Amino acid sequence: MKDFIAISDYAPKEVQELLDLALRLKKERLSGGNPPLLKGKVLAMVFQKPSLRTRVSFDMAMRHLGGDALYLSPQEIGLGKRESIADVARVLAGYVDAIMARVFDHQHVVELAQWSSIPVINGLSDYNHPCQGMADALTILEEFGSLKGLNVTFIGDGNNVAVSLMHACAKLGANFTLASPEGYDLNPAALKLGQQFAVESKSSITLLRDPHEAVQNAHVIYTDTWTSMGQEEEARARELAFPPYQVNVQLVSEADPKVIVMHCLPAHRGQEITDEVADGPHSRLFPQAHNRMHAQKAILAWLFGVR
Ligand code: CP
Ligand code: NVA
């Protein structure tokens, strides 16, 4: 596989190998540092949307592995506007060694990968967020030792982050439940893929409306913003639909006593999650954010074939 566009493109065994590699690279980093596996390599980071975690974690991942990263802002590139995606892909391929792109339209990152001879990594699209999904799986793996048989519940919008989490769970044998309001369901094609993977891993995917029912026996409660980047004009309607889906102390108390709470961040405290939960004993929000860097080191090393 040349690119990292979706977790659904990878076999369960490969997803597990990526996680094992991430664990190894994390251990190395925390006990003195990583060897310069990517010495001399440069990653171009193309952003159509803002970012804290993706930008900094990829940059630091490259530095820790002996490489470098270039940040290209929406204003500089004008992907698909100033210049066609096909042209950007072919130009960058002559300068740098890999591209990470955060785009509005998923087809744009797919098109970048089609036209570029170097690896392309999806740093979030309107469809999915596979680097987040890998960091999430890594966080759950560290907490519970395995994803097999765990109950992972996503509360809120069936969005890009939910799609990648569902695919990671279904590949690795965790039961995935989504509680969302009507009209905020998962992408149907992504759901179909997830259901196939769940059959293969003997896990389940359950779609509910009631968040209280959804958190029964949950080992992981996950939430994300009600309004994703690019949906700003829907914000008001969403603020009316989502309040029953807030992850608060009451909801967390209805789950398994050992439940962990996750959020890809940025969090809108007082909306999808309360301060008490985000900063409380069940929260894994910051280790999860830090795992972005460790998971992405594994993705980079894998794509460069230097594991
Ligand atoms: N979780 C995540 O992707 O964060 P950023 O938008 O800050 O990169
Ligand atoms: N669902 C959010 C995730 C941000 C990291 C968005 O797309 O804006």
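Predicted, not measured: the structure shown is a model, and the values here were computed from it. Both counts, for ligands and for their atoms, begin at 1 and track the order of listing.
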Angle between ring planes, Phe242 versus Trp226, binned at 30° and 60°: parallel, tilted or perpendicular?
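Judged by the thresholds at 30° and 60°, the geometry between Phe242 and Trp226 is parallel.
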
Check whether the side chains of [X] and [Y] place a donor and an acceptor atom closer than 3.5 Å, and report yes or no.
X	Y	value
His129	Ser164	no
Glu254	Gln250	yes
Glu272	Thr223	no
Glu142	Asn291	yes
Tyr184	Glu234	no

Judging by distance only, is a nitrogen or oxygen of [X] under 3.5 angstrom from one on ligand 1?
X	answer
Leu124	no
Leu52	yes
Gln132	yes

Got a salt bridge between Arg24 and Asp20, using NZ or NE/NH1/NH2 to carboxylate O under 4.0 Å?
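Salt bridge absent between Arg24 and Asp20.
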
Any salt bridge between Lys49 and Asp126, counting N to O under 4.0 Å?
no

For ligand 1, which atoms have a heavy atom of [X] less than 4.0 angstrom away?
X	answer
His129	2 (C), 3 (O)
Ser51	5 (P), 6 (O), 7 (O), 8 (O)
Leu265	1 (N), 2 (C), 4 (O)

Below 4.0 Å from any atom of ligand 2, which residues have a heavy atom? Give them in chain and number order, please.
Leu124, Asn159, Asn160, Val161, Asp224, Thr225, Ser228, Met229, Leu265

Considering only residues two or more places apart or on different chains, which pairs with a residue in residues 144-168 satisfy salt bridge (charged side-chain N to carboxylate O under 4.0 Å, His left out)?
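Checked against salt bridge (charged side-chain N to carboxylate O under 4.0 Å, His left out) - neighbours excluded - the pairs reaching residues 144-168 are Asp157-Arg238.
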
For atom 4 (O) of ligand 1, grab the closest protein heavy atom and report residue, atom and distance to one decimal in Å.
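Sorting protein heavy atoms by distance from atom 4 (O) of ligand 1 puts Arg53 NE, 2.8 Å first.
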
Can you tell me which residue and heavy atom of the protein come closest to atom 2 (C) of ligand 1, and the distance to 0.1 Å?
Arg292 NH1, 3.3 Å

For Val252, which of Ile260, Val215, Val277 qualifies under side chain to side chain contact (heavy atoms under 4.5 Å, CB included)?
Val277

Heavy atoms only, cut-off 4.0 Å: how does Arg102 contact ligand 1, side chain, backbone, both, or neither?
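It is the side chain that gets close, since no backbone atom is under 4.0 Å.
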
